[in-house]
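Comments concern the structure below.
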Amino acid sequence: MKSVFMVAEKPSLAQSLAKILSNGSMNSRKGMNGACSVHEFTGRFRGETMRMKMTSVCGHVMGCDFVGKYNNWDKVDPVELFTAPIQKKEANEKLRMPAFLAKEASGAEYLVLWLDCDKEGENICFEVIECVENVMTRVAGQQVFRAKFSAITDQEIKGAFNNLGAPNKNESLSVDARQELDLRIGCAFTRYQTKFFQGKYGDLDSTLISYGPCQTPTLGFCVERHDKIQSFKPEAYWVVSTQVQLPDGKSMKLDWERVRVFDKEVAQMFVNLIRSGDKACVLDTVQKKGEKTKPLALNTVEMLRVASSGLGLSPHHTMQIAERLYIQGYISYPRTETNNYPDSFDLKGTLRQQQDHPNWGSFVRKLLQEGMKQPKKGQDAGDHPPITPMRCARESDLEGDSWRLYDYITRHFIATLSPNCYYLQTTVFFEIGSEQFSCTGKVLQDPGFTEIMPWLALGEDEEIPTLKKNTMLDVEEVKLIDRQTSPPDYLSESELITLMEKHGIGTDASIPVHINNICERNYVSIIPGRKLQPTNLGIVLVHGYQKIDSDLVLPTMRSAVEQQLNMIAMGQANFYEVKQHAIDIFHLKFRYFVQNIPAMDELFEVTFSSLADAGRPISRCGKCRRFMKLVEAKPARLHCSICDSTYSLPQNGNIKLYKELKCPLDEFELLLWTTGAKGKSYPLCPYCYNNPPFKDMRKGMGCNECSHPTCPHAFSQNGVSECVECERGILVLDPTSAPKWRMCCNK
DNA sequence: GCAAGGTC
């Protein structure tokens with residue numbers, strides 16, 4: 001019997017697809033890599049009964065990187081990265097994906113690709129083909145097919161299977177081009193900046209001064225807001241505050257139709273005008289029905305916004321929690337752009353799962369009884385259905401933030417099927433001495449969905465009386481109040497997400513990563529209310545780009561590049577030409593940036609202190625015998641101001657002088673690195689650590705004798721260690737025993 | 001030690 005090999009983008013999808021295509025009768029087993037499952041069944045394909053095998057990858061099979069020596073920061077000038085050779089390598093070596101695919105596809109006559117229907121998915125199609133084409137059985141005619149589907153429903157999937165096409169090479173090539181561009185540009189700028197500024201300053205407090213086409217514009221948004229705050233000039237303005245007495249004797253404040261004026265004399269004139277009319281005359285009373293609409297079905301970015309502003313959770317943390325809730329079966333797939341339920345979605349069934357819930361069961365039962373409402377019509381991006389609860393969980397089933405996120409997702413889902421919130425709005429218009437005023441009040445009529453999302457509820461009822469036209473009221477007060485305009489606040493995380501989405505910076509899956517990056521690199525700090533306040537480092541970076549080449553930080557840069565790449569995807573432009581053109585432009589931009597780096601450096605100079613001024617003396621240099629300074633700001637390193645040399649150190653630990661012992665090889669004083677909780681420690685020579693003394697020694701090399709992490713031989717990465725025998729001598733690696741190093745005592 | 005994009 002012939003066989004068909006099928007591949008989805010992720011394990012969960014392979015399972016759903018196999019279930020549909022096999023009508024629920026399949027044999028499943030774990031694949032050899034432990035991550036992917038294989039589902040087998042028999043079915044009909046091209047008029048024949050065949051063996052079907054459905055499995056998946058885990059996202060991209062391959063990634064790209066520079067070849068060998070170009071990964072060495074010390075041996076390669078970053079400008080070479082624009083022309084350096086690039087290779088594809090396994091995205092995750094542990095998964096052994098190419099081997100797994102080749103093994104499972106072996107002998108199959110047909111390949112059906114069920115990867116996500118976007119450009120990345122198209123690119124993964126060709127990665128899969130590359131892995132399996134040589135192990136398939138050759139038969140006449142088309143052997144490789146592409147399924148195009150827009151929802152994971154019976155009808156859609158079976159329809160796609162009966163109407164297969166071919167993978168789209170152009171779309172895949174546009175992804176190849178993007179990967180290569182991002183790699184060359186990002187790495188060239190990052191390495192250059194990092195080396196330049198870390199070689200000069202001691203208090204940057206970031207292990208990396210990175211640049212990227214997504215992270216840098218993301219930082220740009222935060223600094224833009226900071227600049228607005230800094231350059232804000234408060235302006236004085238005046239408002240007229242008036243109060244009238246109602247027929248029942250109560251007082252009521254009125255809103256001035258002019259709201260405010262920016263000229264004191266004009267304001268005073270209005271006050272005089274108003275005071276000249278002793279009564280307030282009712283011009284009209286208008287009543288209208290107001291409506292607060294329920295939310296759209298939940299997609300990823302909306303979830304991230306709400307989690308940040310409402311739950312105080314970072315996007316990165318939110319995705320980690322959502323991922324876990326998904327794996328445990330509590331919610332649907334959490335990465336989706338779609339905020340419209342597909343027609344086949346079992347809304348009622350999903351709602352019924354929640355009807356016995358202690359927190360919202362009674363609301364759900366009432367909703368089911370009175371008839372749930374149609375959800376609002378949103379956008380279908382063709383990826384996954386909106387994020388919804390998949391089974392009922394109580395507060396005791398989940399912990400802390402997991403519960404809070406599940407609680408939100410479920411309330412949001414219920415709200416999308418609830419009625420809108422209705423209220424009655426009454427506005428009374430007044431005239432006092434030819435100036436107009438009004439007063440508005442809202443009275444709740446039906447809370448609708450706000451009952452399940454109480455934080456969106458209308459405020460307290462503000463009932464105001466309906467007053468007949470021409471009613472005259474006493475004016476109790478006419479006051480001139482002086483105020484000042486206030487600066488905007490720092491950019492909130494949820495505003496940032498909106499800006500990124502609007503400018504096409506990052507994707508639903510990568511937006512949290514970019515935001516996390518600019519926090520971890522210490523370009524911004526999170527202040528209360530999850531607002532992003534740029535640090536000095538973040539500010540001088542962005543201002544520096546603006547001085548040298550503002551394109552580098554412009555939010556339009558990413559979309560401009562993507563537009564070019566879309567030409568490749570649509571077959572309207574040649575892959576090599578477009579890619580080379582973009583590389584050439586950024587190559588020039590890079591050279592220009594390097595030439596003009598003093599413009600950015602001027603900003604660094606006034607903000608940061610030089611390496612020579614930073615740090616505290618700790619140990620003697622083996623060359624000049626003077627004390628070197630330990631620079632403790634990230635990345636921790638040693639600096640000898642006499643030799644003007646910097647020596648990197650192991651990170652994330654404490655560095656102390658080690659018994660004032662000297663390295664027998666180079667006379668540098670030894671240091672002891674210790675790390676907190678587990679109390680790991682080892683002595684090292686700062687020179688040997690950076691310049692391995694023996695051939696074939698690499699940084700971070702473990703024990704080459706027994707590879708045990710606590711074995712004293714593990715110190716071999718530094719070339720020296722305390723002698724385990726006499727505890728007095730120093731062990732050095734014996735190069736005569738290469739390639740198996742051996743320690744020998746110098747005493 | 002670099003980017004951004006998939007996903008676990």
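The sequence lines fix the lettering, A, B, ..., with proteins before strands; numbering per chain opens at 1.
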Exercise. Between A:Phe126 and A:Lys169, is there a cation-pi geometry (under 6.0 Å to ring centre, at most 45° from the normal)?
Worked result: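 Output yes; distance and angle both within limits.
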Exercise. Does A:Arg391 count as lying over the ring of A:Tyr330, i.e. NZ or CZ under 6.0 Å from the six-ring centre, within 45 degrees of the axis?
Worked result: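 Yes; both conditions hold, so A:Arg391 lies above the ring face of A:Tyr330.
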May I ask you to say what [X] touches in the nucleic acid, namely base, sugar-phosphate or nothing, with a heavy-atom cut-off under 4.0 Å?
{"X": "A:Arg184", "result": "nothing"}
{"X": "A:Tyr211", "result": "sugar-phosphate"}
{"X": "A:Ala91", "result": "base"}
{"X": "A:Gln198", "result": "base"}
{"X": "A:Ala509", "result": "base"}
{"X": "A:Tyr70", "result": "nothing"}
{"X": "A:Gln215", "result": "sugar-phosphate"}
{"X": "A:Pro78", "result": "nothing"}
{"X": "A:Cys36", "result": "nothing"}
{"X": "A:Asn123", "result": "nothing"}
{"X": "A:Gly506", "result": "sugar-phosphate"}
{"X": "A:Leu95", "result": "base"}
{"X": "A:Thr507", "result": "sugar-phosphate"}

Holding to side-chain contact (heavy atoms from CB on, under 4.5 Å), I want the full list of residues that pass it with [X], two or more places apart in sequence or in another chain.
{"X": "A:Ser559", "result": "A:Thr556"}
{"X": "A:Pro78", "result": "A:Arg191, A:Tyr192, A:Phe590"}
{"X": "A:Leu603", "result": "A:Val540, A:His543, A:Lys547"}
{"X": "A:Asn123", "result": "A:His60, A:Glu127, A:Ser172, A:Val175, A:Asp176, A:Gln179"}

Seminar exercise, completed: First and last nt of DNA chain B near chain A, cut-off under 4.0 Å to heavy atoms, 5' to 3', are B:dG1 to B:dC8
Exercise. Mapping A:Lys195 and A:Gly504 to their closest nucleotides on DNA chain B, which lands nearer the 5' end?
Worked result: A:Lys195
For this session: Tell me which of A:His384 and A:Asp65 sits closer to the 5' end of DNA chain B, going by the nucleotide each one is nearest to.
Result: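 Taking each residue's closest nucleotide, the earlier one in sequence belongs to A:Asp65.
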For this session: Residues of residues 513-524 of chain A with any non-hydrogen atom less than 4.0 angstrom from an atom of DNA chain B: list those, numerically ordered, please.
Result: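 Contacts with DNA chain B under 4.0 Å: A:His514, A:Arg521.
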Exercise. With a 4.0 Å cut-off, would you call A:Arg178 and A:Glu562 a salt bridge?
Worked result: no
Side-chain donor-acceptor contacts of residues 496-506 of chain A below 3.5 Å, not counting sequence neighbours, with atom names and distances?
from, atom 1, to, atom 2, distance (Å)
A:Thr498, OG1, A:Arg305, NH1, 3.1
A:Thr498, OG1, A:Ser494, O, 3.1
A:Glu501, OE1, A:Arg305, NH1, 3.2
A:His503, ND1, A:Leu499, O, 3.0

Seminar exercise, completed: With sequence neighbours left out, the residues meeting salt bridge (Lys or Arg N to Asp or Glu O under 4.0 Å) with A:Glu577 are none
Problem set entry | Residue list, side-chain hydrogen bond (donor to acceptor under 3.5 Å, both in side chains) with A:Lys30, at least two apart or on another chain |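 Partners of A:Lys30 by the side-chain hydrogen bond (donor to acceptor under 3.5 Å, both in side chains) criterion come out as none, since no residue qualifies.
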